[in-house]
Amino acid sequence: MTTQPDEAQTDAVRRAGGWLRIDLDAIKQNYQLLKSRVGPDVAVGAAVKADAYGLGVTRVAPALYRAGCRRFFVATVQEGLELRPVLAADAAICILNGPAPGSEALLQDKGLTPVLNSLDHVRRWAALCRDTGVRSPCLLQLDSGMSRFGLSEADIDTLIAENTLADLAIDYIMSHLACADEHHSPRNEGQRLQFEALRRKLPALPASLAASSGIFLGEAFHHDLVRPGYALYGGNPTPDRANPMHPVVTLLAGMVQDRWIAPDVAVGYSARFIATKPTRIATLSVGYADGFHRRGGGLASAVLPDSPDILLPIVGRISMDCMALDLTALGDKLLPPGTGFELIGPHRPLDELAAALDTIGYELLTGLGKRFHREYIESSQ
């Protein structure tokens, strides 16, 4: 599949300054790949929080539903409310941050499933179920060692003493791994053992521990439900090994102008780059307002899709709306205004860019701006 816009898209791309292609077919293929990594009795959900990691939840979630996904995870009540009309009624939408105070009746009315992370969450949801006579579903999160969300052992003992759990319809007991992307870390097994110990205090219920990287830790981590996010969107869930996932995102930045500069001429704010020889500089219409980090100059590079073996360094300080690219390696090759340079894609993998910028691909995806011309690819629905 081409990585350049076709003629029908050219004007829109030029107006937007950049082209973001999101391959829904690849997302569905990644879902099936992850499903093949777990047993036939293990459900595979999908984390679609933060607007499906910046890729557009109203397009991504329905594609995942068509791939067979029936359980979706968002962060906040508002995200759940925005997603509910997009999915069929049999899709469970789980609120990872739990029920915001006063939202319990709204969640029940809209068919949203809270993740109960604290004594307060449990007590409020149990009170709703008692008051309405409806034991609406929930998930119960345990803190197995990340100290972020979830009930402690003492909290569990309190709930048992209160008999509060009797009022709940718990779909899954869940927790979250802190070091799953470091598959040699002993903390993974430590958390798994702690999770199992806490579960033994509770009624026998389905469980969920693994997200994207946790799936690749092996069968002991799979339980009854896995909850991938980043891997669905093409990110590498096994950072010290080859990426098993299909690439999803291609980001091209359009060229605004192209010039040769002489030695000792500076480029960009604060003159962070000064040419040491005749240098060909292109100005691209993508900047930090589009999610491309200001510190990327001198660290990251782009390619021309038809010359993918020639790395073109990003130079100078990245501005709000533009960046500078050193095209000297292309010589005098004619490039019309609007030519697209690949910043993320098959020749510039997401995780490689993240490493160059000393960040993670999650941050890059969720930071993608709204100004790009977005194209969604899906062969069949």
Side-chain angles (χ1 to χ4, degrees), residues 20 22 24 27 45-66 69-129 131-132 134-141 146 148-151 168-172 174-176 208 211-212 225 227-230 232-233 235 249 289-291 360-372 374 376:
L20 182 64
I22 297 156
L24 298 177
I27 291 176
V48 294
K49 58 186 179 176
D51 198 27
Y53 289 48
L55 301 186
V57 72
T58 60
R59 299 296 301 271
V60 169
L64 285 164
Y65 183 91
R66 290 189 286 274
C69 185
R70 293 296 181 269
R71 188 170 293 270
F72 298 82
F73 291 84
V74 297
T76 65
V77 172
Q78 186 60 37
E79 287 185 342
L81 293 172
E82 292 169 1
L83 181 57
R84 181 72 278 173
V86 175
L87 294 174
D90 65 336
I93 299 174
C94 305
I95 314 298
L96 288 165
N97 288 11
S103 69
E104 297 82 19
L106 179 63
L107 293 179
Q108 189 179 64
D109 179 62
K110 298 298 183 181
L112 300 174
T113 303
V115 176
L116 308 180
N117 299 298
S118 67
L119 286 174
D120 174 62
H121 285 176
V122 174
R123 288 166 175 161
R124 284 192 281 114
W125 194 252
L128 174 77
C129 294
D131 293 345
T132 61
V134 179
R135 295 171 74 244
S136 295
C138 62
L139 280 70
L140 194 68
Q141 178 144 219
M146 194 172 180
R148 187 179 65 165
F149 287 118
L151 299 161
L168 302 178
I170 301 171
D171 283 351
Y172 292 93
M174 65 175 283
S175 192
H176 193 68
S208 178
S212 289
L225 167 72
R227 317 180 308 271
Y230 186 55
L232 292 171
Y233 310 119
V249 172
D290 304 296
I360 55 176
Y362 299 73
E363 185 176 15
L364 295 181
L365 285 182
T366 56
L368 291 172
K370 302 298 184 184
R371 297 194 292 190
F372 303 117
R374 291 190 174 213
Y376 290 88

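Predicted, not measured: the structure shown is a model, and the values here were computed from it. The residues of the chain are indexed from 1 along the displayed sequence.
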If only atom types and distance count, is the side chain of [X] paired as donor or acceptor with the main-chain N or O of [Y] below 3.5 Å?
{"X": "Thr76", "Y": "Glu79", "answer": "yes"}
{"X": "Trp125", "Y": "Ser136", "answer": "yes"}
{"X": "Thr366", "Y": "Gly54", "answer": "no"}

[X] versus [Y], closest heavy-atom pair with distance:
{"X": "Leu55", "Y": "Tyr376", "answer": "O-OH, 2.6 Å"}
{"X": "Cys138", "Y": "Leu168", "answer": "SG-CB, 4.2 Å"}
{"X": "Leu225", "Y": "Ser208", "answer": "O-OG, 2.8 Å"}
{"X": "Arg84", "Y": "Gly111", "answer": "NH1-O, 3.1 Å"}
{"X": "Leu64", "Y": "Tyr233", "answer": "CD1-OH, 4.4 Å"}

Distance only, no hydrogens: is a donor on one side chain within 3.5 Å (strictly under) of an acceptor on the other, for Glu104 and Gln108? no

Is there side-chain contact between Tyr53 and Leu368, with at least one heavy-atom pair below 4.5 Å?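 SC-SC contact between Tyr53 and Leu368 ruled out.
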
To the nearest 0.5 angstrom, please state how far the [atom1] atom of [X] sits from the [atom2] atom of [Y].
{"X": "Asp171", "Y": "Arg71", "atom1": "CG", "atom2": "CZ", "answer": "4.5 Å"}
{"X": "Thr113", "Y": "Ile93", "atom1": "OG1", "atom2": "CD1", "answer": "8.5 Å"}
{"X": "Phe73", "Y": "Met174", "atom1": "CZ", "atom2": "CE", "answer": "6.0 Å"}
{"X": "Lys370", "Y": "Leu20", "atom1": "NZ", "atom2": "CG", "answer": "10.0 Å"}
{"X": "Asn97", "Y": "Gln141", "atom1": "CG", "atom2": "CD", "answer": "9.5 Å"}
{"X": "Leu232", "Y": "Arg227", "atom1": "CG", "atom2": "CZ", "answer": "12.5 Å"}

side-chain contact (heavy atoms from CB on, under 4.5 Å) between Val74 and Ile95, worked out: CA-CA 5 Å; Val74 297; Ile95 314 298; 3.5 Å; yes

